[in-house]
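What follows is a short report on a single structure.
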Amino acid sequence: MTAYRLLALNIDGTLLRSNGRLQPSTKEAIEFVKGKEVYVTLVTNRHFQSARKLAKALKLDSLLVTHGGAFISENLDKPLFEKRISEETTFNLVQVLENFNCNIRLTHERFSIGNRKKVSPNLLSKSILNTSDSMFYPVQFVDSLGDTLRDEPVSATRIDVHFKHEDEKQEAETVVKEAFDMVDIRSHSSTSFDIVRKGVSKENGLRALASHLNIPLDQTVAIGDAEDDIGMISSAGLGVAMWNAPFEVKRAADWVTRSNNQQGVDYMVKEHFRKQQRQDFLRKIKIDQ
């Protein structure tokens, strides 16, 4: 039986319930698996400070894979890995996108900045602001991102773009793909996409962390629920999908656990790690034999 040494957990829809809360049983499950000498990390699209806050609630001092794989660190000042869109490319992308009727948000590990334009009623509050933002993560809105970036350049970890109409989204996506070969576009709906530096993904973030920890991927467990979790679920030694995940995610997984509202992470951890012995115990047995 494979001894798993690294557990990677998505946050929203996986670790947290639909109401955004963390179950006490989930905290107990994390403590349980840490007692097996398993390295536990969070792999998320959230910004670093939001993920770090949750990690503290779980008593994790691990390196965290945040910003969709663009920023891996255990603190703000000394990242292990960062893969940003350059200041020049960020500015040029904004110049192009501001020709369309859209909301634009630039994400950085220390702050976020977006334009004030509303492309439909309440869209700004629904799609630009979310539960991962709080007082410790400054969010600024300006009339012109291009003018702001000309004075204060930003190297973004991600650019989120939201449109009112599907055809305008498709047109903008085509323009960006043709003009910027150094970035990847990830479509999330018929009216939204985000832009990251080419090669940035949760899967590649997990690979970078596992390599740093000298843990083979076949000794990792990845649990997720979203389509952008498919890569890390497929590449992990044991890929686990939540019951609330779309069919494509479940199909990519080796195992499907309960939903996030039914203690899915807790159930999976107890089922798969209860028979696994600590690494130092296994080494001791090997020496004594």
Side-chain angles (χ1 to χ4, degrees), residues 6-16 18 20 41-48 50-51 54 63-73 81-85 105-109 112 126-128 130-133 156-163 169-170 173 176-177 180 182-210 217 220-257 259-260 264-265 268:
L6 171 61
L7 173 62
L9 299 163
N10 179 44
I11 293 179
D12 298 289
T14 299
L15 197 59
L16 300 181
S18 297
T41 188
L42 307 180
V43 182
T44 179
N45 285 320
R46 288 191 177 204
H47 58 77
F48 175 79
S50 174
L54 181 59
L63 289 156
L64 307 176
V65 181
T66 61
H67 297 261
F71 190 83
I72 304 175
S73 188
F81 174 93
E82 51 186 330
K83 198 167 186 179
R84 308 171 180 278
I85 305 170
R105 181 184 183 182
L106 310 182
T107 303
H108 186 275
E109 68 272 14
S112 175
K126 288 181 180 178
S127 60
I128 299 299
N130 56 61
T131 55
S132 69
D133 289 316
T157 54
R158 188 178 75 245
I159 303 175
D160 296 305
V161 195
H162 300 262
F163 301 83
K169 178 252 187 180
Q170 291 174 343
E173 189 172 345
V176 171
K177 283 181 178 178
F180 300 90
M182 70 292 290
V183 299
D184 287 331
I185 293 180
R186 304 182 300 199
S187 184
H188 294 292
S189 74
S190 61
T191 56
S192 68
F193 60 73
D194 63 37
I195 305 170
V196 295
R197 184 170 164 182
K198 186 170 286 294
V200 167
S201 67
K202 290 182 178 179
E203 175 188 359
N204 288 336
L206 178 59
R207 287 180 180 275
L209 175 60
L217 275 180
T220 67
V221 177
I223 311 179
D225 73 290
E227 290 186 3
D228 63 359
D229 293 322
I230 289 176
M232 72 171 185
I233 286 172
S234 300
S235 62
L238 178 62
V240 180
M242 304 298 290
W243 184 258
N244 49 288
F247 173 75
E248 292 76 12
V249 182
K250 294 177 182 176
R251 183 170 59 182
D254 301 301
W255 202 71
V256 178
T257 187
S259 75
N260 61 322
V265 170
M268 182 275 155

Separation of [Y] [atom2] from [X] [atom1] (nearest 0.5 Å):
| X | Y | atom1 | atom2 | value |
| --- | --- | --- | --- | --- |
| Leu64 | Leu9 | CG | CG | 11.0 Å |
| Ile223 | Thr14 | CD1 | OG1 | 8.0 Å |
| Lys83 | Ile72 | NZ | CD1 | 10.5 Å |
| His188 | Asp194 | NE2 | CG | 3.5 Å |
| Thr66 | His47 | OG1 | NE2 | 9.5 Å |
| His67 | His108 | NE2 | NE2 | 8.5 Å |

Using salt bridge (charged side-chain N to carboxylate O under 4.0 Å, His left out) as the criterion, list what pairs up with [X], not counting sequence neighbours.
| X | answer |
| --- | --- |
| Lys169 | Glu173 |
| Arg197 | none |
| Asp184 | Lys198 |
| Glu82 | Arg84 |

Next on the checklist: Run the side chain to side chain contact (heavy atoms under 4.5 Å, CB included) test against Ser73 and tell me which residues pass, sequence neighbours left out.
Outcome noted: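 Partners of Ser73 under the side chain to side chain contact (heavy atoms under 4.5 Å, CB included) test: Phe48, Phe71, Asn75, Pro79.
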Could you check whether any side-chain N or O of [X] sits under 3.5 Å from a backbone N or O of [Y], counting only pairs where one atom can act as donor and the other as acceptor?
| X | Y | result |
| --- | --- | --- |
| Thr157 | Thr107 | yes |
| Ser112 | Leu106 | yes |
| Arg186 | Asp228 | no |
| Thr220 | Leu6 | no |
| Asn244 | Asn260 | yes |

Next on the checklist: A quick test of your reading: do over 12 heavy atoms of other residues, nucleotides or ligands sit less than 6.0 Å from CH2 of Trp243?
Outcome noted: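 Open: at most 12 neighbouring heavy atoms sit under 6.0 Å from CH2 of Trp243.
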Nearest non-hydrogen partners of [X] and [Y], listed with the distance:
| X | Y | result |
| --- | --- | --- |
| Gly69 | Val200 | C-CG1, 4.0 Å |
| Leu206 | Ala8 | CD1-CB, 3.8 Å |
| Ala208 | Phe81 | CB-CD1, 4.4 Å |
| Ile233 | Val240 | CD1-O, 3.6 Å |
| Ala245 | Lys250 | O-CE, 3.2 Å |
| Met242 | Ser259 | CE-C, 3.7 Å |

Checklist entry - What do the steps show when you test Leu54 against Thr44 for side-chain contact (heavy atoms from CB on, under 4.5 Å), and what is the final call? => result CA-CA 11 Å; Leu54 181 59; Thr44 179; over 6 Å; no
Next on the checklist: For Asn10 and Lys202, which I'm curious about, is there any donor-acceptor pair between the side chains at under 3.5 Å?
Outcome noted: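 Yes.
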Checklist entry - Taking it one step at a time, do Val265 and Thr257 satisfy side-chain contact (heavy atoms from CB on, under 4.5 Å)? => result CA-CA 7 Å; Val265 170; Thr257 187; over 6 Å; no
Next on the checklist: List the residues meeting side-chain hydrogen bond (donor to acceptor under 3.5 Å, both in side chains) with Ser190, not counting sequence neighbours, and say none if there are none.
Outcome noted: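 With neighbours one apart ignored, the set is empty.
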Next on the checklist: I'd like to know whether Leu16 forms a side-chain contact (heavy atoms from CB on, under 4.5 Å) with Ile11, so could you lay out the CA-CA distance, the side-chain angles of the two residues, the decisive distance to 0.1 Å, and finally the verdict.
Outcome noted: CA-CA 6 Å; Leu16 300 181; Ile11 293 179; 3.7 Å; yes
Next on the checklist: Let's go through Met232 and Val65 carefully: what are the C-alpha distance in whole Å and the side-chain angles of both, what is the deciding distance for side-chain contact (heavy atoms from CB on, under 4.5 Å) to 0.1 Å, and is it a yes or a no?
Outcome noted: CA-CA 12 Å; Met232 72 171 185; Val65 181; over 6 Å; no
